Asks: 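For reference, the structure I am asking about is given below.
Just so it is clear, the structure is predicted and the values come from calculations on it, not from any experiment. Convention: sequence-line order gives letters A, B, ...; per-chain numbering from 1.
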Amino acid sequence: MRYAASFLVAPALLVFLVFFILPFAALASLSFSTYVQGAVGWKEAIKPTLTISNYIDFFSSSVYWEYLFLTLRTAAVSTVAAVLLGYPVGYTIARSQSKALKKLLLVWVIAGLYVSSIGRVFSLAILLGRNGILSWLMSFYGGGPLNLIGTESAVDIGITYFLIPVAALSLVSAIQKIDPSLEDAARNLGATGLQTFYKVTLPLSLPGIIAATVLCLAIGANFFITPVVLGAGMVLTLPVLIYDRFMYTLNYPFGAVMSVILLLFALVIVYFVNKILVSRMAIR
Amino acid sequence: MTLRRLFESIGSKLKWLAVVLTMLFLVIPPVLIVLTSMEPGMIMVFPTTGLSLHWYVYFINTAPLMEALRTSIVLASLATVFSLLIGVPCAYAIVRYDFKGKQFLSTLFVSPLSLPSIVFGVSLLTYFNMVGFYFTFGKLLVAHVILVIPYVLRTTMAAFIGLDVSLEDAAKNLGADEIQTFGKITLPLIKPGLIAGGVFAFATSFDDLGVAIFLSDYKTYTLPVTLFAFMKSSFSPAIAAVSSVLLIITFAVIVVIEKTMGVDKFTGI
């Protein structure tokens with residue numbers, strides 16, 4: 001039996017070993033290499049060494065601390081907005097009496113997760129740009145052309161847009177896990193709908209809210225197309241800088257340093273989420 | 001008492017207002033872009049100066065765009081097939097057998113979902129440069145197989161868990177061998193899961209930019225990579241037309257899933 005299992009798992013494991021784990025090791029080794037300034041080509045630009053000077057360069061520069069802070073700030077602002085807007089949606093999907101409404105909202109939210117992201121980033125650019133709908137609406141109230149493209153707010157709005165479905169969906173399952181009889185009991189004891197929500201549902205969904213927040217933070221820090229298109233080169237988050245270092249500046253080792261930092265952040269968050277989910281299961 | 005009732009009604013109305021506004025916020029941009037794609041002029045404006053399919057015709061007549069669409073379709077199809085081929089046996093083993101390292105493996109195989117795709121992209125770029133592998137389409141294919149395996153694994157694992165083992169046992173008791181049982185009982189029962197996984201895999205590969213942007217070259221530009229290059233250089237309604245095509249194809253995918261197995265299975269991210 002055990003041989004059968006290893007036989008079935010082997011192809012996937014091999015692919016992941018060769019094309020997933022080894023590449024990350026290669027990236028880590030690149031971050032300890034030395035960049036040869038002015039050299040053209042991959043082999044010439046990288047001197048294989050074992051130095052932490054790239055990391056020292058990153059952490060000793062106030063500019064890069066600012067970029068790191070900017071990355072975390074856009075992720076955090078968008079996460080708060082997405083969880084606030086996603087909660088009522090998730091709550092409605094989890095608790096609504098109408099099956100049709102549940103289904104409609106669910107399909108709507110899942111479409112928000114899987115429908116072409118690059119197409120929608122571009123649609124947001126149209127929404128927020130100089131010739132966009134927001135600008136058009138402003139003109140009725142005597143406002144001049146409004147162009148949010150290139151501002152941090154535009155990036156916040158964009159990341160929020162993509163995080164709302166993530167937040168809403170992870171809250172649906174958290175709220176569904178709350179025993180409805182607890183809410184019924186509160187109502188039977190004379191609590192109003194609002195009181196039941198604040199005293200029973202909200203506290204019980206707190207672990208779900210924390211999990212959704214952490215998940216959104218992890219995803220929000222990795223957005224790449226959104227800050228590039230909506231930030232128009234003015235909002236330099238770490239993913240934007242990584243792209244620049246690998247495609248234009250060609251300082252590969254420094255790009256690798258930023259990638260490793262972003263990766264570690266994601267790993268810490270994923271570990272944290274798993275811990276929360278596991279401990280939540282242990283309580284049940 | 002009346003004050004309390006007032007609060008109650010305000011609270012419930014606020015909840016509905018939040019739901020309606022949020023849902024509108026989600027749907028307005030895609031609708032908007034389909035509308036702007038019908039702009040007959042050279043510059044994107046809102047409201048549009050007219051309605052035409054001019055830019056869709058332009059899309060069809062522009063060789064690089066059609067070439068990119070072809071590359072994307074071929075790549076997404078192959079990535080889907082390969083991910084099913086290695087993902088389904090894996091899902092079966094994880095659901096049905098108990099073995100050492102099972103927890104670790106299932107975490108590893110779904111981790112591409114939560115790790116930054118751009119970091120995966122640059123790590124593959126680094127790796128392929130180090131080992132000297134220059135077959136671009138091959139690079140894209142292995143990258144996308146890994147990228148979409150989590151979706152295949154999740155849906156087929158759910159299908160295997162939902163499958164009643166006694167049905168397979170019954171077939172075997174009635175004299176069917178392993179292969180017959182798999183072909184006549186197991187496969188038809190997990191088919192909705194396979195379709196859903198495959199369709200999600202296709203959609204994910206079809207939309208990927210974070211990885212493809214580092215691995216593709218001028219012969220293998222995918223549609224998102226081409227679109228991204230266009231976006232940086234111009235604000236032509238052609239981009240809106242291409243985006244609309246991407247939106248419509250991926251939206252069709254959601255509809256297919258809903259019809260085959262229902263979207264409810266995907267509530268727990």
Asks: Run the numbers on B:Phe228 and A:Val228 for side chain to side chain contact (heavy atoms under 4.5 Å, CB included), then give the verdict.
Replies: CA-CA 10 Å; B:Phe228 185 66; A:Val228 169; 3.5 Å; yes

Asks: So A:Phe122 and B:Val242, do their side chains get closer than 4.5 Å, heavy atoms only?
Replies: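 With C-beta onward as the side chain, the pair stays apart.
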
Asks: In this structure, which one of A:Thr92, A:Leu85, A:Leu105, A:Leu104 forms a side chain to side chain contact (heavy atoms under 4.5 Å, CB included) with B:Met23?
Replies: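 It is A:Leu105; the other options fail the test.
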
Asks: Got a donor-acceptor contact below 3.5 angstrom from the B:Asp207 side chain to the A:Ser116 backbone?
Replies: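 Side chain of B:Asp207 to backbone of A:Ser116: no pair is present.
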
Asks: What's the shortest heavy-atom distance between A:Tyr161 and B:Leu26, and which atoms?
Replies: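 Here A:Tyr161 and B:Leu26 meet closest at OH-O, 2.7 Å.
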
Asks: Using 0.5 Å steps for rounding, measure from the NZ atom of B:Lys15 to the CZ atom of A:Phe197.
Replies: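 If we round to the nearest 0.5 Å, B:Lys15:NZ and A:Phe197:CZ are 9.0 Å apart.
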
Asks: So for A:Lys102, is it side chain, backbone, both, or neither that comes closer than 4.5 Å to the heavy atoms of chain B?
Replies: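 Nothing of A:Lys102, per the 4.5 Å heavy-atom cut-off to chain B.
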
Asks: Kindly give the heavy-atom pair with the smallest separation between B:Ser123 and A:Pro23, and that separation in Å.
Replies: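 The answer is CB-O, 3.5 Å.
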
Asks: Given a strict heavy-atom distance threshold of 4.5 Å, which part of B:Ile213 is in contact with chain A: side chain, backbone, both, or neither?
Replies: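 Both backbone and side chain.
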
Asks: Report the distance from atom CZ of B:Phe214 to atom CD1 of A:Ile242, rounding to the nearest 0.5 Å.
Replies: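 Between atom CZ of B:Phe214 and atom CD1 of A:Ile242 there are 7.5 Å.
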
Asks: With respect to chain B, which residue among A:Leu124, A:Leu13, A:Ile46 yields the maximal number of heavy-atom pairs within a distance under 4.5 Å?
Replies: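 Option with the greatest count: A:Leu13.
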
Asks: Would you say A:Tyr91 has more than 12 foreign heavy atoms packed within less than 6.0 Å of its OH?
Replies: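 Enclosed: over 12 neighbouring heavy atoms sit under 6.0 Å from OH of A:Tyr91.
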
Asks: Can you tell me which portion of A:Val15 sits under 4.5 Å from chain B's heavy atoms? Options are side chain, backbone, both or neither.
Replies: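 It is both, since atoms from each part get that close.
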
Asks: Which one wins on heavy-atom pair count under 4.5 Å against chain B: A:Pro11, A:Ala12, A:Pro88?
Replies: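 Top count of heavy-atom pairs under 4.5 Å with chain B: A:Ala12.
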
Asks: Please rank B:Phe206, B:Trp16, B:Phe251, B:Phe109 by heavy-atom pairs under 4.5 Å with chain A and give me the top one.
Replies: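 Top option by heavy-atom pairs under 4.5 Å: B:Phe109.
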
Asks: To the closest 0.5 Å, what do you measure between OG (B:Ser243) and CD1 (A:Ile118)?
Replies: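 Result: 7.0 Å between the selected atoms.
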
Asks: Identify which part of B:Val142 has an atom lying under 4.5 Å from any heavy atom of chain A, answering side chain, backbone, both or neither.
Replies: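 It is the side chain, since no backbone atom gets that close.
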
Asks: Can you tell me which of B:Leu227, B:Val122, B:Leu125, B:Leu124 forms the most heavy-atom pairs within a distance under 4.5 Å of chain A?
Replies: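 The option with the most such pairs is B:Val122.
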
Asks: Picking from A:Phe265, A:Phe224, A:Phe162, A:Trp108, which has the most non-hydrogen pairs under 4.5 angstrom with chain B?
Replies: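 Heavy-atom pair counts peak at A:Trp108.
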
Asks: Given heavy-atom pairs under 4.5 angstrom as the criterion, report whether the side chain, backbone, both or neither of B:Leu108 touches chain A.
Replies: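 Both backbone and side chain.
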
Asks: Between B:Val19, B:Thr22, B:Ile86, B:Asn129, which has the largest tally of heavy atom pairs under 4.5 Å with chain A?
Replies: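 The residue among B:Val19, B:Thr22, B:Ile86, B:Asn129 with the greatest pair count is B:Asn129.
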
Asks: May I have the step-by-step check of side chain to side chain contact (heavy atoms under 4.5 Å, CB included) for A:Phe24 and B:Leu115, ending in yes or no?
Replies: CA-CA 11 Å; A:Phe24 281 124; B:Leu115 297 181; 4.3 Å; yes

Asks: Under the side chain to side chain contact (heavy atoms under 4.5 Å, CB included) criterion, do A:Phe20 and B:Ser111 qualify, and how do the steps go?
Replies: CA-CA 10 Å; A:Phe20 190 71; B:Ser111 62; 3.5 Å; yes

Asks: Surrounding OH of A:Tyr198 (heavy atoms of other residues, nucleotides or ligands, distance under 6.0 Å), is the total greater than 12?
Replies: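 Not more than 12 within 6.0 Å, no.
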
Asks: Can you confirm whether A:Val115 sits close enough to B:Pro30 that some side-chain heavy atom of one is under 4.5 Å from a side-chain heavy atom of the other?
Replies: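 No, too far: nothing below the 4.5 Å cut-off.
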
Asks: Let me see the working for A:Tyr252 and B:Thr126 under side chain to side chain contact (heavy atoms under 4.5 Å, CB included), right down to the final yes or no.
Replies: CA-CA 9 Å; A:Tyr252 306 109; B:Thr126 306; over 6 Å; no

Asks: Give a yes or no answer on whether the side chain of B:Tyr127 reaches the backbone of A:Val18 with a donor-acceptor pair at less than 3.5 Å.
Replies: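 The answer is yes, because a donor-acceptor pair under 3.5 Å joins these two groups.
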
Asks: When rounded to the nearest 0.5 angstrom, what is the spacing between OG in A:Ser33 and CE in B:Met130?
Replies: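 If we round to the nearest 0.5 Å, A:Ser33:OG and B:Met130:CE are 5.5 Å apart.
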
Asks: What residue in B:Pro89, B:Gly87, B:Ser117 has the most heavy-atom pairs under 4.5 Å with chain A?
Replies: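 Counting heavy-atom pairs under 4.5 Å, the top option is B:Pro89.
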
Asks: Is B:Leu209 in contact with chain A via its backbone, its side chain, both, or neither, using a 4.5 Å heavy-atom distance?
Replies: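 Side chain of B:Leu209 only, per the 4.5 Å heavy-atom cut-off to chain A.
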
Asks: Quick one: what part of A:Leu238 sits under 4.5 Å from any heavy atom of chain B, side chain, backbone, both or neither?
Replies: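 No part of it gets close to chain B.
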
Asks: If you count heavy-atom pairs under 4.5 Å between each of A:Ala28, A:Ser117, A:Ala266, A:Pro48 and chain B, which one has the most?
Replies: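 Result: the option with the highest number of such pairs is A:Ser117.
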
Asks: Hey, which of B:Ile33, B:Leu247, B:Leu246 is the one that makes side chain to side chain contact (heavy atoms under 4.5 Å, CB included) with A:Arg120?
Replies: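 One option only clears the test, and that one is B:Leu247.
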
Asks: Counting only heavy atoms not in B:Gln103, do more than 12 sit closer than 6.0 Å to its CD atom?
Replies: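 Atom CD in B:Gln103 is not crowded, with 12 or fewer foreign heavy atoms closer than 6.0 Å.
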
Asks: Please classify the contact of B:Phe128 with chain A as side chain, backbone, both or neither, using a heavy-atom distance under 4.5 Å.
Replies: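 Only the side chain of B:Phe128 comes within 4.5 Å of chain A.
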
Asks: Side chain, backbone, both or neither: which part of B:Ile118 has a non-hydrogen atom closer than 4.5 Å to chain A?
Replies: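 Just the side chain, heavy atoms under 4.5 Å.
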
Asks: Just how far is it from atom CZ of A:Phe16 to atom CD1 of B:Ile149, taken to the nearest 0.5 Å?
Replies: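 The distance works out to 5.0 Å.
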
Asks: Looking only at non-hydrogen atoms, find the nearest pair between B:Pro29 and A:Leu127 and report the distance.
Replies: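 Distance-wise, the nearest heavy atoms are CG-CD2, 4.3 Å.
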
Asks: So for A:Ala111, is it side chain, backbone, both, or neither that comes closer than 4.5 Å to the heavy atoms of chain B?
Replies: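 Its backbone and side chain both get close to chain B.
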
Asks: What part of B:Val27 lies closer than 4.5 angstrom to a heavy atom of chain A: side chain, backbone, both or neither?
Replies: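 Contact with chain A involves both backbone and side-chain atoms of B:Val27.
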
